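A short worksheet on the structure shown next.
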Amino acid sequence: MTLAESGLAIQGVRARAGSFELGPIDLDVGCDRVLAILGPSGAGKTMLLETIAGFRAAMTGSIFLGDRELGEIPPEDRAIGFVFQDAALFPHLSVRDNVAFALRARGEHHYGQRVDTLLARFEIAHLAERAPRSLSGGERQRVALARALAAQPELLLLDEPLSALDRPTRDDLRSVLQELLGGLGIPAIHVTHDRDEALSIGDRVAVVVAGQVRQLARPHEIVANPADETCARLLGWSELGVGNLDQGRLALGDLVLPVHDRLNGWNGPVCAFYRPEAVLLGADATGISEGARFQAVIDRVLPTIPLTRVALVGRPGMAALLLPRDLGRLDIRTGATVEVVLPSDSLRVFRLTGA
Amino acid sequence: MIDSRATATQLGAQGGGPGGMRVRASARRAWPSGVFQALLWLASGLLIAFIVLPLVRLAATSSPSSLINAASEAEVRDAIVLSLQDAAITAAIATLLGVPLAYLLARRRIPAPGLVQAIVDLPLAVPHTVAGIALLFLLGRTGWVGAPAGHLGVSFYGSQWGIVAAMLFVSAPFAVNSARVAFEAIDPNLERAARSLGATRAHTFRRVTLPLGARGVLTGAVLVYARSIAEFGAVVIIAYYPVTAPVEIYNLFLRSGLAAASAASVLLLIVALATFLVLRTLASGRWLWIADRDPR
């Protein structure tokens, strides 16, 4: 079995730090594949990467990279590239020496050409002689990526590399990453707490919460069908509230909503979520037969970007996300009464935990 | 003052808005603004004066000719050279042995790090004469280490080895603690990054940890050096001979009085301070009168 066939395979890995326990985790990432790990702070995402990289010992389980079992292999022999949130560039070395670090550590002498190629590839050749502290956050992460790739890793681990960056730099570097990871020919894991980042960079997305993988699926699948309430929240679903599900109809506040998701015929208390960008208002709501239809008063219109948030008065309270250009067309004003349709396929219910 | 504060609070409560907040904030100023600043400077000035004045007074007692006289005395000269030499040897040993311990402590890769740190700090709490007596028990002719060493022809009692041992005991904490603080300030992710790039533990230490902690290591060595030159209590017990500079000055004081001791004292002070300042400047990479770029 070669690396090209097998990539990374994590089986039943558990690790512990103080009272926090990670796992058991089972994951695999094929070659040329990017797994995005999405989760809130403190979910154990970084800990998982540290365990894979060998910075932290696993209590049980095994990690295979290609046909190698990584168990007892020290970090320096694992051939795993690691990009840290704060880049972790060596402050006493120039950009060039940072990138050349791995090659020097191996005792290579003729690395100039390769370092130059990497510097050019990440558009940092003009920074080659600069000290890391003089670089911007985005430049630092470019250096960190070049440095990690110089070692020719067989797996790339990215620990929230975009989190500390401002918005434009983040978007810029995100596209650099997308392009890079697709063509590397090695598996990569990208950890983030940013939904958009996970969905745009990962071939598959794993939601990790409290040390456990809650869900693993392709981006569009995971958005459409979150496994539980936590996944739903992380993936942009808004909570509608707690209601009662009976024969495919959800009674919640003043509304009775038809529900596609029948929870295998289960009836009882459920927690309901909806997609605010799927809510139809005014003229858009006319002629739609599928879903729940009701009237509501517009409470507030918040000019958020890229979608404007329209909060509706009612029981339950709801919000719709609209393109700014639709506000005029649909005559959306604070205090106005509008027709609202909540399509059934944008409503999900979960059995109330403990019920 | 109490009255004005109460009024201000009422005003603040009535105001409610940002204006009210401002009134309340100024009411918290219990002292006129200059008083706190003045107290800071006064206390600092008193302490600085207390350190500098005795030394200035000492320097004022001696004339250039008396210093030349003192320097021309072979006993004084030999004692000062011996002190500098043994302090340098001690600084080298303390650094060689202290840096590994400092690293293990900084990275908590040692069992019971709290206990080990307490042991490292122990010499700071042991009176130096007590340290000398304890060392004599261990390193003296019949001691656990002294007896076998004697068979090999190494004697600590009344020898340079004894002087170095005494200096090392009292100054080792400076080497360990200074390096430890420097290592602790290094982001562990830098070492992890190096490991992930294929560097072994040893290579990582040599290429990342040590260069980044070099200032702290050097500062530690300089402190050990300075502390060792100054050591009297432990040295005088384990090795009265050969005579180090502090012991020689004590002898002069007992034999010939204050005036005779002062010239040698000033000479030692000049030599010790000059080497200390030069080494400290080298270790910290900046001159005394240039402030830190980023104050902490």
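Order of the sequence lines sets the chain letters (A, B, ...), proteins ahead of strands, with each chain counted from 1. Keep in mind that this is a model prediction, so the values were computed, not measured.
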Go through the atoms of Ala105(A) and report whether side chain, backbone, both or neither lie under 4.5 Å from a heavy atom of chain B. both
Tell me, side chain or backbone of Asn189(B) under 4.5 Å from chain A's heavy atoms, or both, or neither? both
Near Ile48(B) CD1, under 6.0 Å, is it more than 12 heavy atoms from other residues, nucleotides or ligands? no
Under 4.5 Å heavy-atom distance to chain A, tell me which part of Arg201(B) shows up: side chain, backbone, both or neither. backbone
Rounded at 0.5 Å granularity, tell me how far CD1 in Ile10(A) sits from CG in Leu65(A). 10.0 Å
Could you tell me the separation between the CD atom of Glu50(A) and the CZ atom of Phe82(A), rounded to the nearest 0.5 Å? 5.5 Å
Assert top hit (heavy-atom pairs under 4.5 Å, partner chain A, pool Ile186(B), Val208(B), Thr204(B)) equals Val208(B)
Does Phe90(A) have Arg147(A) sitting over its ring (NZ/CZ under 6.0 Å from centre, angle to axis within 45°)? yes
So for Leu89(A), is it side chain, backbone, both, or neither that comes closer than 4.5 Å to the heavy atoms of chain B? backbone
Arg68(A) atom CZ, neighbour heavy-atom count above 12 within 6.0 Å: yes
Passing candidate, side-chain contact (heavy atoms from CB on, under 4.5 Å) with Leu157(A), options Val83(A), Leu48(A), Val191(A), Leu49(A): Leu49(A)
Give the member of His203(B), Glu191(B), Arg195(B) that has the highest number of heavy-atom pairs under 4.5 Å with chain A. Arg195(B)
Is chain A contacted by the side chain of Leu212(B), its backbone, both, or neither, given a heavy-atom distance below 4.5 Å? side chain
